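Here the structure comes first, spelled out in C-alpha cells, and everything after it is commentary.
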2 protein chains.
Amino acid sequence: MKIEELIRDKNIKLTTARVKLLEILKAADKPLCYEEIKNDISMDKATFYRNISKFEEEDILNAFESNDKKRYFELKLTPHAHFVCVQCNKVECVKNIDIALVNYEINNIIINGKCPSCVEAS
Amino acid sequence: MKIEELIRDKNIKLTTARVKLLEILKAADKPLCYEEIKNDISMDKATFYRNISKFEEEDILNAFESNDKKRYFELKLTPHAHFVCVQCNKVECVKNIDIALVNYEINNIIINGKCPSCVEAS
DNA sequence: TTTACTCTGCAACTTAGTCGCATTTAATAC
DNA sequence: GTATTAAATGCGACTAAGTTGCAGAGTAAA
C-alpha cells in the first residue's frame, strides 16, 4: 500500500516531511515513539506532534502511553494488541487476541507485564 | 481484608499516612491517580509517589499510564482488565476478560477506546 | 502568479513526576 | 520507659515529554 492511498479522501496536505514520517511508521513492525523516529526525520518536535495529532484526527493512526511516560504511534492497518514490558519497556505486537465489549468502541489493547527475558532474569 | 494483612510479610513500615493511602485505594472501585487522591490525604506529592513505588516493589499495587499522561494506581486484589476512554479519559474496570501469553507474565490489561456515552455523542 | 490557507521552525511554556537534603517518625534493642 | 538506627517525610528545586504562540515558508487552487 502506498502512502498516497493511506491518506486518500483525508483532509491532509502531503508535504515532504509528512511522507517521510508516514513511510517510517508504515515500515515499522511495532509502535514507535518520538525518540525512536527523530533521528530519521528532519522535522521539529512541535511539528512532529502536530502531525501525529492530525493523523489521529483523520483516523489513520493509533497512539497510546507506555510505562516509560512516552507516547507510542502506529498506523491503523491491521488491528492487533500490544505487549509492554514493565521492566525493560519494550513494546511488541501481539496477534490473535480478540476482545469485544458491547456498546464500546475498541481502538487498542495493551497488555502490561514482564517479557520472557525479564521473567527469566528476575 | 485489613490493611495489616495487605502488607504482612512485606518490608513496609506502617505509618499513619500509608494506612490512609492504602485505605483509599482499597475502598476505590477503579484505579485512581494522584489528582483524585491528593485532597483526601495530607501527604506531600513526593512522599505519595515514593510510597506508590514502594507498594509496587512489594507487589501489592499495579500502576499504568492512561491517555491523559497520568499514572493510575490500584491494589492487586482480584486481577481484571481496565477500559480507558480516549475521549473523556474515564477509567473503569472490566471483569471476565482473560488473556494468556506463554512465557510472559501479565500484570494488567488496558483496553483503549470510546466508552458508550462518547460513542453516542460522536 | 496571485490568493488563501496550511505547514513549519523556533523558543518559551506546561505539568506529572523525581531528587537531594535536613528533619521526623517507627520499630527494635536496652 | 528510653535510647538507637534506619526508614519515612516535607520542602523546594529540578526533569523531560509534550504543547503553544507567532512569524515566515510552502502548498494547492483560481
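Here is the naming used below: chain letters follow the sequence lines, and residue numbers restart at 1 for every chain. Hydrogens, waters and symmetry mates play no part in the numbers below; they use all other heavy atoms, side chains included. Just so it is clear, the structure is predicted and the values come from calculations on it, not from any experiment.
In this structure, B:C33 and B:R71 approach most closely via the heavy-atom pair CB-O, 3.2 Å.
Between A:T47 and the phosphate of C:dC7, there is no side-chain N or O to OP1/OP2 separation shorter than 4.0 Å. Phosphate proximity of D:dA7 to B:N11: absent, as no side-chain N or O sits under 4.0 Å from OP1 or OP2.
Checked by atom type and distance alone, the side chain of B:N67 never pairs as donor or acceptor with a backbone atom of B:C85 at under 3.5 Å.
Between the CG atom of A:L21 and the C1' atom of C:dT8 there is a distance of 14 Å, rounded to whole Å. Atom-to-atom, CG of B:N51 to C1' of D:dA7 comes out at 11 Å; the value is rounded to the nearest Å. Put simply, CD on A:E56 is 13 Å from C1' on D:dG18, counting in whole angstrom units. The CD1-C1' distance, from B:I41 to D:dA8, rounds to 14 Å in whole Å. The distance between atom CG of B:D68 and atom C1' of D:dA17, rounded to the nearest whole Å, is 14 Å. Per the geometry, OH belonging to B:Y49 stands 17 Å off C1' belonging to D:dC11, to the nearest Å. Atom CZ in B:F48 sits roughly 8 Å away from atom P in C:dG17 (whole-Å rounding). Going from atom CG of A:D44 over to atom P of D:dG24 covers 17 Å, rounded to whole Å.
A salt bridge does not link B:E56 to B:K54: none of the charged side-chain nitrogens sits closer than 4.0 Å to a carboxylate oxygen.
Just one of A:L61, A:I60, A:D59 meets the side-chain contact (heavy atoms from CB on, under 4.5 Å) condition when paired with A:K76; it is A:D59.
In the helix from C:dT1-D:dA30 to C:dC30-D:dG1, the end axes, each obtained as the rotation axis mapping the C1' atoms of four pairs onto the next four within a five-pair block, lie 40° apart to the nearest 10 degrees.
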Point to revise | Protein proximity profile, nucleotides 21-30 of chain C - base contact B, sugar-phosphate-only contact S, no contact -, cut-off 4.0 Å on heavy atoms | key: B----BS---
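In the set D:dG10, C:dT8, C:dT18, C:dT18 carries the atom at the smallest distance from any side-chain atom of B:K45.
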Point to revise | Steps toward side chain to side chain contact (heavy atoms under 4.5 Å, CB included) verdict (A:S42, A:K20) | key: CA-CA 9 Å; A:S42 61; A:K20 191 73 207 286; over 6 Å; no
Exercise for review: In sequence, state the C-alpha distance, the side-chain angles, and the governing distance for B:F48 and B:F73, and then conclude on ring-ring contact (aromatic ring centres under 6.0 Å, His included).
Suggested key: CA-CA 11 Å; B:F48 173 86; B:F73 313 104; 5.8 Å; yes
Exercise for review: List the steps and the verdict of side chain to side chain contact (heavy atoms under 4.5 Å, CB included) for B:C88 and B:C115.
Suggested key: CA-CA 8 Å; B:C88 68; B:C115 70; 3.9 Å; yes
Practice item. Give the C-alpha distance, both sets of side-chain angles, the deciding distance and a yes or no for salt bridge (charged side-chain N to carboxylate O under 4.0 Å, His left out) between B:E36 and B:K70. Key: CA-CA 11 Å; B:E36 294 170 301; B:K70 290 178 195 155; over 6 Å; no
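Taking CD1 of A:I99 as the start and CZ of B:F83 as the end, the distance is 11.5 Å to the nearest 0.5 Å.
Side-chain atoms of B:K69 and base atoms of D:dG18 include no donor and acceptor less than 3.5 Å apart.
Backbone-only engagement by A:S42 is indicated by non-hydrogen atom pairs under 4.0 Å involving sugar-phosphate atoms exclusively.
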